[in-house]
Amino acid sequence: MSIYDTLNPEQKRAVLHDKGPLLILAGAGSGKTRVLTHRIAYLIEERDVNPWNILAITFTNKAAREMRERVDNIVGYGSENIWVSTFHSTCVRILRRFIESIGYSRSFTIYDTDDQKTLMREVCKFLNIDTKKMNERSILSVISRAKDEMISPEEFALQAQGDYQQTKYAQAYSEYQKRLKASNALDFDDLLYKTVELFQTNKEALLYYQNRFRYIMVDEYQDTNNVQFQLIHLLASGLNEYGEREYNLCVVGDDDQSIYKFRGANIYNILNFEKAFPNTTVIKLEQNYRSTKSILNAANEVICNNQGRKDKTLWTENEEGEPVQFTQYETDFEEADSITSEIQHLVNTGKINYNDIAILYRTNAQSRLLEEKLILKNIPYKIIGSVNFYSRKEIKDILAYLKTIDNGLDNLAVKRIINVPRRGIGLTTVDRVNDYALQQNISFYEALTRAQYIPGLERSASKIIPFVSLIEGLKSRIQQEGYSLREIIDDILDATGYLRELEEENSEEAQDRIENINELVNKLVTYEENSLEPPTLSGFLEEVALVSDIDNLNEEMNHIVLMTLHSAKGLEFPYVYLCGMEEGIFPGYMSIFADNPVEEIEEERRLCYVGFTRAMKRLSLTAAKQRMIRGETQYNKPSRFINEIPRYMIKMNTASPRKVQFSKMSNDSISDKSPGILDFDKPASKPQAGYRPYYTAETKQFEGTKMGTLDYGVGDSVKHVKFGVGIVTDITKGGKDYEVTVDFPKFGIKKLLSTFANLIKID
DNA sequence: TGTATGGATATTTTT
DNA sequence: TATCCATACA
């Protein structure tokens with residue numbers, strides 16, 4: 001049996017597509033990653049494409065990692081030569097090699113959103129921009145848009161002539177860019193912008209990569225912005241050996257899941273793909289393997305209210321399943337209480353694990369109440385988003401030390417830690433040093449080393465000197481042979497007294513911070529042990545700069561997950577609770593009252609579609625009549641998205657009979673559009689009030705897996721063509737296949753699909 | 001220089 | 001409601 005036999009006809013057509021542009025419109029859960037990975041395998045094995053000539057681009061590290069893993073598993077030797085990476089890390093890799101040709105140093109650092117804000121604050125101060133009239137965030141978003149459109153500060157200034165406001169933006173942009181450069185830093189937008197600029201100005205570099213990347217795949221194409229399009233277009237425009245443009249570009253996306261317009265994603269990249277790349281083959285993947293018919297039908301009903309989408313209807317062979325549930329509660333408090341009780345009930349009575357369940361919401365703020373209830377009921381959970389691990393204060397502090405040691409040019413990092421922990425070096429001192437640095441045209445750190453000579457610093461200089469020698473001491477140690485990164489971070493924690501200070505504080509918060517720092521140390525150790533190239537401080541810092549919270553989601557852990565709808569894209573869960581289905585929450589006020597409400601609502605509707613299609617078995621929608629938002633009580637109607645689902649498709653539950661007044665509920669809370677939308681004949685299927693079973697948050701045992709056709713089981717030794725002999729540690733059923741986890745002594749733990757892996761049992 | 005206090009301010013955020 | 005920031009004071 002060939003690996004391609006497991007594909008449906010459309011998937012197969014996409015996988016076997018030969019040359020030329022290919023647009024795969026892949027609905028939610030239609031197996032797009034599978035198609036991508038199989039296509040890569042096909043190109044290598046059947047078309048003799050050199051793995052070296054393949055580039056696969058994703059948006060998140062998590063997606064890249066998963067793709068890498070799956071590609072490694074189905075491709076034989078040479079899979080490590082395929083570039084599988086995110087847009088941003090692809091750019092970093094290219095720039096590390098060629099950036100000098102556009103006047104930057106190859107050891108540039110990457111500024112994250114927080115760094116950008118800090119820098120912009122400095123810029124505004126410097127330019128006397130009143131941040132009450134023009135706040136940093138809005139300036140940064142103007143700049144971000146400009147970079148997305150590939151508009152340089154000079155061009156921006158030119159276009160701004162005559163407009164006071166725009167001129168201010170232009171000045172800020174120019175100064176901001178100047179300072180980035182002085183710190184030898186690039187922000188996220190720069191990574192893309194500068195790569196395109198490089199390709200436009202350096203033909204040699206462009207040719208090199210065009211020649212290398214003969215086959216390009218892009219995942220989540222609906223979320224690409226303009227620069228990303230430019231980048232892809234440039235890379236894909238290489239000539240083949242006959243001097244022809246082949247555009248061996250394969251993009252996969254779903255216009256219905258485009259939810260990042262606010263961040264510059266241009267939906268026309270996918271809608272007009274066929275215009276940009278002549279002779280495009282279009283393949284639609286409409287069979288969904290994830291959800292029940294009930295869930296999919298509801299999702300289809302909602303999304304078909306959008307105009308201007310590519311026509312497609314998802315269908316499935318899966319069972320009908322339970323109807324989609326909708327419950328409207330009196331208050332947000334009851335909503336949270338009820339959802340969490342239900343979860344507890346599900347886990348206690350059913351064969352369901354915590355990690356089968358997700359609670360999704362529109363805004364991060366909604367997680368609070370839920371979190372309180374989860375703690376109360378002792379339900380293990382993880383919240384994704386809100387505060388990224390790497391944006392925590394203590395983590396940023398330690399990273400700033402590492403950055404300072406690594407690259408003294410990073411002015412922001414040095415300024416961040418100069419007085420952390422407190423050294424009695426205040427704002428006035430920092431300002432003086434800063435002025436001196438600007439005047440002498442040297443970096444802030446360089447100025448610190450000359451503290452004794454800076455006028456007006458007599459007293460403070462004595463405080464600066466120990467700081468400089470601390471940094472210098474650490475710097476010299478890192479150059480010593482055999483000095484590990486682990487030792488450096490330990491030295492920092494010790495020599496600065498950072499840990500000691502936290503320990504002495506003896507509060508719960510300090511304890512959390514210490515744990516976070518330990519986590520950082522772990523990550524550094526992991527990097528040091530697993531890095532393919534010799535581990536360096538710069539390498540670690542780079543990896544860390546491009547990581548998001550969702551990347552850390554570990555499916556193995558047995559806890560429920562809470563996150564925003566945005567973060568949930570690309571994930572799936574058997575049981576999904578989508579809460580806060582209310583006008584004003586979802587769709588949010590901002591979109592209802594926007595200048596272009598139609599467009600904005602359509603984006604919210606796509607978000608709703610994304611939310612619905614995360615669910616595999618059961619989708620529960622909830623709303624509250626009364627909700628506390630920013631200290632104010634709001635009364636909201638159920639979301640219009642609920643009304644877009646025909647009522648026969650939805651099971652209306654009545655919430656807590658003890659409190660609900662039926663007449664009131666049907667009159668004020670439901671819009672006139674669909675009268676009688678609530679079905680009171682059906683009994684409430686809610687766990688009894690006050691239901692609070694005893695349960696410890698310990699791991700629940702997995703149901704015994706049926707082995708069926710496999711001739712090996714957990715604990716057996718098996719042999720794999722590439723990885724050699726290993727021991728089966730787990731087997732789970734996934735679609736038509738079994739997913740077999742095998743621990744190979746030489747290659748580590750691998751997840752393999754039984755159909756492809758051809759594992760042979762060894763006695 | 002460090003802390004206290006009032007006041008503004010508030011979607012979503014793959015990197 | 002909670003959080004962040006600037007300014008005022010000790």
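Because the structure is a prediction, the values reported are computed rather than measured. Labels below follow one simple rule: chain letters A, B, ... track the order of the sequence lines, proteins then strands, and each chain is numbered from 1.
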Sugar-phosphate, base or nothing in reach of A:T428, heavy atoms under 4.0 Å: sugar-phosphate
Side chain A:R263 and base B:dT13 donor-acceptor under 3.5 Å: yes
Presence of A:R121 side-chain N/O under 4.0 Å of C:dC5 phosphate oxygens OP1/OP2: yes
Interatomic distance, A:K62 NZ vs B:dT14 P [rounded to whole Å]: 13 Å
Pair A:D112-A:Y390, side-chain donor/acceptor within less than 3.5 Å: no
Which nucleotide in B:dT13, B:dT14, B:dT11 has an atom nearest any side-chain atom of A:H566: B:dT13
Pi stacking test for A:Y589 and B:dT11: under 5.5 Å apart, planes under 30°: no
Nearest-neighbour nucleotide for the A:N419 side chain, B:dG2, B:dT14, B:dT13 considered: B:dG2
Atom-to-atom span, CD of A:E136 to P of C:dA6 - whole angstrom: 7 Å
Contact under 4.0 Å: A:S591 side-chain N or O vs B:dT11 OP1/OP2: no
Interatomic distance where CD1 belongs to A:I129 and P belongs to C:dC5 [whole Å]: 17 Å
A:H233 and A:F229 aromatic ring geometry - parallel, tilted or perpendicular at 30°/60° bounds: tilted
Check: A:F59 ring centroid to A:Y260 ring centroid under 6.0 Å: no
Interatomic distance, A:I592 CD1 vs B:dT12 P [rounded to whole Å]: 16 Å
Proximity to the side chain of A:N135 - top-ranked nucleotide from B:dT11, B:dT14, B:dA10: B:dA10
A:K117 NZ - B:dT13 P separation (whole Å): 15 Å
Sugar-phosphate, base or nothing in reach of A:Y260, heavy atoms under 4.0 Å: base
Touch class at under 4.0 angstrom, heavy-atom based, for A:T58 against every strand present: nothing
Atom-to-atom span, CG of A:L565 to P of B:dT12 - whole angstrom: 11 Å
Phosphate contact (B:dT14 OP1 or OP2) by A:T86 side-chain N/O below 4.0 Å: no
Sugar-phosphate only, base, or nothing, as touched by A:R362 at under 4.0 Å among non-hydrogen atoms: base
A:T564 vs B:dT11: side-chain N/O to OP1/OP2 distance below 4.0 Å: no
Sugar-phosphate, base or nothing in reach of A:G424, heavy atoms under 4.0 Å: sugar-phosphate
Nearest to side-chain heavy atoms of A:R368, which nucleotide of B:dT11, C:dA2, B:dG2: C:dA2
NZ or CZ of A:K147 within 45° of A:Y173 ring axis and under 6.0 Å: no
Atom-pair distance (CD1 on A:I585; C1' on B:dT12), nearest Å: 13 Å
Distance, rounded to the nearest Å, where A:K261 contributes NZ and B:dT14 contributes P: 19 Å
Flag for A:Q228-A:Q230: side-chain donor and acceptor within less than 3.5 Å: no
Sugar-phosphate only, base, or nothing, as touched by A:D189 at under 4.0 Å among non-hydrogen atoms: nothing
Ring-face cation of A:R96 near A:F108 (centre distance under 6.0 Å, axis angle within 45°): yes
Distance test, side-chain N/O of A:S567 to OP1/OP2 of B:dT13, below 4.0 Å: yes
